[in-house]
Number of protein chains: 2
Amino acid sequence: MLTQRQLQVLQVIIDEFIHTAQPIGSRAIAKKGEISFSSATIRNEMADLEDMGLIEKTHTSSGRVPSERGYRFYVDHLLSPIRLSQAEMQRIGLAFEKDYIHFEKVVQESARILSELTNYTSIILGPEVFNSTLRQIQIISLSENTAVAILVTNNGHMEHRYFNVPKMMKMSDLERLVNILNDRLAGVPLIQLKEKLYGEITELLMKYSEDFESTYYLLQQALLEEQPVKLYVDGISNIMYQPEFKDIEKVQSLFTVMEQEDEMVNLLRKSDEGIRVSIGQEIELDAMQDCSLITATYTLDNSHLGTIALLGPTRMDYSRVISLLNVLSKQMSKSLDGLY
Amino acid sequence: MLTQRQLQVLQVIIDEFIHTAQPIGSRAIAKKGEISFSSATIRNEMADLEDMGLIEKTHTSSGRVPSERGYRFYVDHLLSPIRLSQAEMQRIGLAFEKDYIHFEKVVQESARILSELTNYTSIILGPEVFNSTLRQIQIISLSENTAVAILVTNNGHMEHRYFNVPKMMKMSDLERLVNILNDRLAGVPLIQLKEKLYGEITELLMKYSEDFESTYYLLQQALLEEQPVKLYVDGISNIMYQPEFKDIEKVQSLFTVMEQEDEMVNLLRKSDEGIRVSIGQEIELDAMQDCSLITATYTLDNSHLGTIALLGPTRMDYSRVISLLNVLSKQMSKSLDGLY
DNA sequence: GTTAGCACTCCCTTATTATGAGTGCTAAAT
DNA sequence: ATTTAGCACTCATAATAAGGGAGTGCTAAC
């Protein structure tokens with residue numbers, strides 16, 4: 001268990017390091033005035049904190065730097081929720097004043113705000129289809145042999161999927177097909193479309209459709225193709241202005257993974273409700289050793305819709321970022337609810 | 001005018017520098033065997049080439065490096081079209097064997113191929129709407145007060161635009177409106193929708209629509225909002241593996257502009273038919289001083305649809321890249337033509 | 001329990017010195 | 001008139017050394 005004074009020392013070290021990115025010495029802490037003991041006393045406390053693995057030296061005679069465990073402790077126990085500044089509130093307020101007509105705009109604007117206000121990289125994931133059910137299917141012919149299927153969901157989303165129309169299939173066949181589908185598939189969760197199709201619909205189709213083969217193929221294309229969830233990234237260059245990334249090789253490997261969308265999607269998918277902080281090693285990607293990832297979720301009608309995250313150095317301004325994410329995820333949810 | 005030997009020397013210097021990124025000395029050129037004169041002779045030629053501004057020294061006693069003018073000369077006069085390797089042809093062939101059903105997939109795959117085969121950054125722009133005319137409008141209701149307009153163009157594209165439905169407007173009103181629009185706007189180029197609307201349609205609407213104000217507002221949202229043209233980037237991290245970007249500050253400023261989509265769009269818009277090479281300063285962006293940009297265009301039914309480009313260091317493998325772009329832009333056009 | 005004092009460590013900066021690749025010029029050779 | 005060998009000179013780069021300074025751990029005194 002940590003003494004009151006040790007807590008104080010740890011807090012000062014981390015707060016200071018977060019802003020300067022420089023190792024902190026005992027003398028510097030003593031001079032800051034928040035702790036009125038001599039540097040020698042503080043040195044002793046620091047030795048203890050180091051034994052506990054909460055801080056580290058960069059070399060034998062250097063000042064101390066928070067360890068990952070230190071950050072973890074800080075996030076779990078020392079975080080003081082911060083009031084956003086006037087300017088920040090204004091920036092957010094202004095953006096959400098407009099009434100957006102489209103989901104995507106809300107998300108993009110949110111990503112922009114996050115990266116702007118923090119100078120970290122913001123990543124937003126969504127919407128996930130877990131909770132949406134199909135309301136309606138429409139098919140629009142584009143050319144002789146291609147068409148697009150528009151899937152409208154209960155929560156007012158729209159997806160479109162292109163497909164080839166078999167030669168022998170007429171528009172009237174298509175229409176009949178759409179009617180069958182609308183009849184049978186309305187209300188079905190999008191992720192269950194596949195099994196539903198394999199199940200009951202198949203039989204039905206065999207009865208009604210003259211050319212089962214090609215109809216089936218068509219449906220495969222139009223309904224079953226996995227629609228990858230979208231990823232919005234903003235301020236990706238911000239992170240390389242951080243002093244921990246003055247070494248180009250780190251930037252290289254970081255950017256190389258960030259280019260792999262599926263990796264990023266996996267990363268963000270792990271987040272559960274509420275705010276979650278992953279520090280350094282806790283992120284499973286080697287290239288993000290020196291990073292922390294903070295995720296929050298946003299909702300539509302109280303059900304999980306997507307994830308909003310910030311990626312920065314482990315030396316992140318946790319208090320501020322968490323407050324900001326809290327505010328923003330709520331704003332997003334509110335704005336989205338208002339949309340439909 | 002350059003002598004034969006000077007041309008040779010210049011060619012060797014540039015070819016060599018493109019692959020090593022190191023200044024080339026007279027001795028190295030002599031040893032390469034392509035020119036059977038002594039290093040002293042070559043030294044004299046090099047001095048001349050430098051006087052003409054085609055090559056430069058990095059310091060008083062260094063070897064030579066191509067200047068921007070040198071690259072320009074090289075591109076204009078010394079380029080030898082290169083046969084793509086078996087592996088490259090295969091990579092491309094395989095990708096275009098599949099019959100895509102959607103424009104976007106073709107573009108994304110092309111961008112991927114380009115950055116993979118060159119290790120530069122590929123940027124693709126498009127499709128532009130210049131040449132497409134409206135074929136059909138459909139409106140799909142999403143929720144009580146939102147709907148989406150689907151615009152289908154003559155060349156089989158689809159755009160969708162969300163909009164708010166005024167409270168007092170019923171579905172039947174909407175349907176009537178759509179009919180009017182389809183009647184009057186079919187065949188109109190997308191970029192002229194605006195003026196058409198201001199012109200003849202307005203009168204018509206005033207007659208038929210009970211609530212002109214809100215109808216007009218609706219149309220504004222649904223039809224007139226500028227739809228930004230899409231930008232696909234692939235292999236953005238490739239460029240920072242180039243030795244000219246070992247300095248992080250260059251990477252920072254480069255990535256900072258590349259994040260500004262409109263800047264990039266402007267850049268690519270400048271390209272005209274055929275292949276165009278912009279070297280260093282010729283690109284108007286400061287952050288791209290050390291870069292070259294090579295653009296080509298792709299078409300649909302022989303009319304300009306979009307731009308495909310590669311961004312790399314000025315020390316780019318021009319011959320290879322140009323051959324590759326040639327092949328790929330044709331393949332894209334072909335694949336797109338087959339699509340509709 | 002706290003603090004002053006001190007020896008010690010190691011990073012960082014600056015200065016110094018090779019080393020070597022490459023040049024320009026001159027004079028000799030072809 | 002070209003071409004080439006020879007040589008002095010330049011300058012980046014790497015390696016080495018030296019000094020300064022921030023910071024530590026430990027001991028002994030307060």
Side-chain angles (χ1 to χ4, degrees), chain A residues 1-10 12-14 16-17 19-67 70 243-244 246-248, chain B residues 1-10 12-17 19-67 70 243-244 246-247:
Chain A
M1 204 41 216
L2 290 179
T3 69
Q4 195 57 33
R5 197 166 61 195
Q6 286 171 335
L7 287 175
Q8 274 190 333
V9 172
L10 183 59
V12 171
I13 290 177
I14 299 189
E16 200 65 16
F17 186 71
H19 292 109
T20 63
Q22 296 296 326
I24 322 295
S26 54
R27 222 174 85 90
I29 297 176
K31 271 208 289 194
K32 266 210 79 190
E34 300 183 24
I35 302 167
S36 35
F37 290 95
S38 74
S39 67
T41 309
I42 292 174
R43 260 201 303 287
N44 290 329
E45 300 290 26
M46 287 166 90
D48 291 346
L49 287 172
E50 185 171 7
D51 288 342
M52 291 182 258
L54 297 173
I55 55 180
E56 307 173 329
K57 293 190 261 195
T58 60
H59 59 86
T60 19
S61 71
S62 77
R64 298 311 205 297
V65 151
S67 68
E244 25 275 282
K246 70 178 190 303
D247 175 11
I248 187 106
Chain B
M1 204 42 216
L2 290 177
T3 69
Q4 195 57 36
R5 196 166 61 193
Q6 285 170 336
L7 287 176
Q8 274 189 332
V9 172
L10 182 59
V12 171
I13 290 177
I14 298 188
D15 283 343
E16 199 65 15
F17 186 70
H19 292 109
T20 64
Q22 296 295 326
I24 323 295
S26 55
R27 221 175 86 90
I29 298 176
K31 271 207 291 193
K32 265 212 79 190
E34 301 182 24
I35 302 166
S36 36
F37 289 94
S38 74
S39 66
T41 308
I42 292 173
R43 251 193 320 276
N44 290 329
E45 300 290 26
M46 287 166 88
D48 289 349
L49 287 171
E50 184 171 6
D51 288 343
M52 290 182 261
L54 296 173
I55 55 180
E56 310 173 326
K57 294 190 259 194
T58 61
H59 59 88
T60 18
S61 71
S62 78
R64 298 310 206 296
V65 151
S67 69
E244 25 274 281
K246 70 178 191 304
D247 176 9

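Please read all numbers here as calculations on a predicted model, not as lab measurements. Just so we're on the same page: letters track the sequence lines, and every chain starts at 1. Note: hydrogens, waters and symmetry copies are ignored here, and every other heavy atom, side chains too, is used.
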Participant: Starting at CD of A:Glu56 and ending at C1' of D:dG23, how long is that distance when rounded to a whole Å?
Facilitator: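 These atoms are roughly 17 Å apart.
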
Participant: Can you find a side chain N or O atom of B:Arg43 that sits less than 4.0 Å from OP1 or OP2 on D:dA5?
Facilitator: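 No, B:Arg43 has no side-chain N/O under 4.0 Å of OP1/OP2 on D:dA5.
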
Participant: Heavy atoms from C-beta onward define the side chain here; which of C:dG24, C:dT2, D:dT24 lies closest to that of B:Glu50?
Facilitator: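 Closest of the options to the side chain of B:Glu50: C:dG24.
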
Participant: So, is B:Arg64 near the phosphate of C:dT23, with a side-chain N or O under 4.0 Å from OP1 or OP2?
Facilitator: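 B:Arg64 to C:dT23 OP1/OP2: side-chain N or O found under 4.0 Å.
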
Participant: How long is the span from the CD atom in A:Glu56 to the CG atom in A:Leu49, to the nearest 0.5 Å?
Facilitator: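 That separation rounds to 12.5 Å.
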
Participant: On a plain distance test, is the side chain of B:Ser61 in donor-acceptor contact with the base of D:dT10 below 3.5 Å?
Facilitator: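 Yes.
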
Participant: Look up atom OG in B:Ser67 and atom CD1 in B:Ile14, then write down how far apart they are to the nearest 0.5 Å.
Facilitator: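 One gets 7.5 Å once the value is rounded to the nearest 0.5 Å.
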
Participant: Once you round it to whole Å, what is the distance between C1' of C:dG22 and CE of B:Met46?
Facilitator: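 Answer to the nearest Å: 9 Å.
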
Participant: CG of B:Leu54 to CG of B:Leu2: how many Å apart, nearest 0.5 Å?
Facilitator: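 Answer for the CG-CG pair, B:Leu54 versus B:Leu2, is 6.0 Å.
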
Participant: A:His59 NE2 to D:dG23 C1': how many Å, rounded?
Facilitator: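 That distance rounds to 8 Å.
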
Participant: Quantified as the angle between the terminal helix axes (five pairs each), what is the overall bend of the helix from C:dG1-D:dC30 to C:dT30-D:dA1 to 10 degrees?
Facilitator: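 That helix has its two terminal axes inclined by roughly 20°.
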
Participant: With a 3.5 Å cut-off and heavy atoms only, can you find an N or O donor on one side and an acceptor on the other between the side chain of B:Arg27 and the base of C:dG20?
Facilitator: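 Not at all, since no donor on one side and acceptor on the other fall under 3.5 Å apart.
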
Participant: Nearest whole angstrom, please: distance from the P of D:dG23 to the CD of A:Glu16.
Facilitator: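 In whole Å, D:dG23 P and A:Glu16 CD are 11 Å from each other.
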
Participant: Which nucleotide in the set D:dT4, C:dT3, C:dT23 lies at the smallest distance from any side-chain heavy atom of B:Thr41?
Facilitator: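 Closest nucleotide among those given: D:dT4.
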
Participant: Quick check for you: among D:dA5, C:dG24, C:dT3, whose closest atom lies nearest to any side-chain atom of A:Ser38?
Facilitator: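 Of the candidates, C:dT3 comes closest.
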
Participant: How far does CD1 of B:Ile55 sit from CE of B:Met46, to the nearest 0.5 angstrom?
Facilitator: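 Going from CD1 on B:Ile55 over to CE on B:Met46, the span is 5.0 Å.
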
Participant: What is the distance from atom CD of A:Glu50 to atom CE of A:Met52, rounded to the nearest 0.5 Å?
Facilitator: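 So the CD of A:Glu50 and the CE of A:Met52 are separated by 11.0 Å.
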
Participant: Please give, in whole Å, the distance from C:dT23 C1' to B:Ile24 CD1?
Facilitator: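 Going from CD1 in B:Ile24 over to C1' in C:dT23 covers 15 Å.
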
Participant: In whole angstrom, give the distance that lies between atom CG of B:Asn44 and atom P of D:dT4.
Facilitator: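 My rounded result for the distance is 10 Å.
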
Participant: Take a 6.0 Å sphere around CZ of B:Arg27 and say whether it holds more than 12 heavy atoms from other residues, nucleotides or ligands.
Facilitator: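 At most 12 heavy atoms, drawn from other residues, nucleotides or ligands, come within 6.0 Å of this atom.
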
Participant: Nearest to the side chain of A:Ser26, heavy atoms from C-beta on, is which of D:dT24, C:dT3, C:dC10?
Facilitator: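 Among the listed nucleotides, the one closest to the side chain of A:Ser26 is D:dT24.
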
Participant: Any idea which of D:dG25, C:dA4, C:dT2 is nearest the A:Ala40 side chain?
Facilitator: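 My answer, after comparing the listed nucleotides, is C:dA4.
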
Participant: Hey, could you give me the CG/CD distance between A:Leu7 and A:Glu45, rounded to the nearest 0.5 Å?
Facilitator: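 So the CG of A:Leu7 and the CD of A:Glu45 are separated by 10.0 Å.
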
Participant: Could you give the CD-to-P distance, from A:Glu45 to C:dT2, as a whole number of Å?
Facilitator: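 So the CD-P distance, A:Glu45 to C:dT2, works out to 8 Å.
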
Participant: Atom NZ of A:Lys57 and atom P of D:dG25: how far apart are they, to the nearest Å?
Facilitator: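 It is 4 Å, rounded to the nearest whole Å.
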
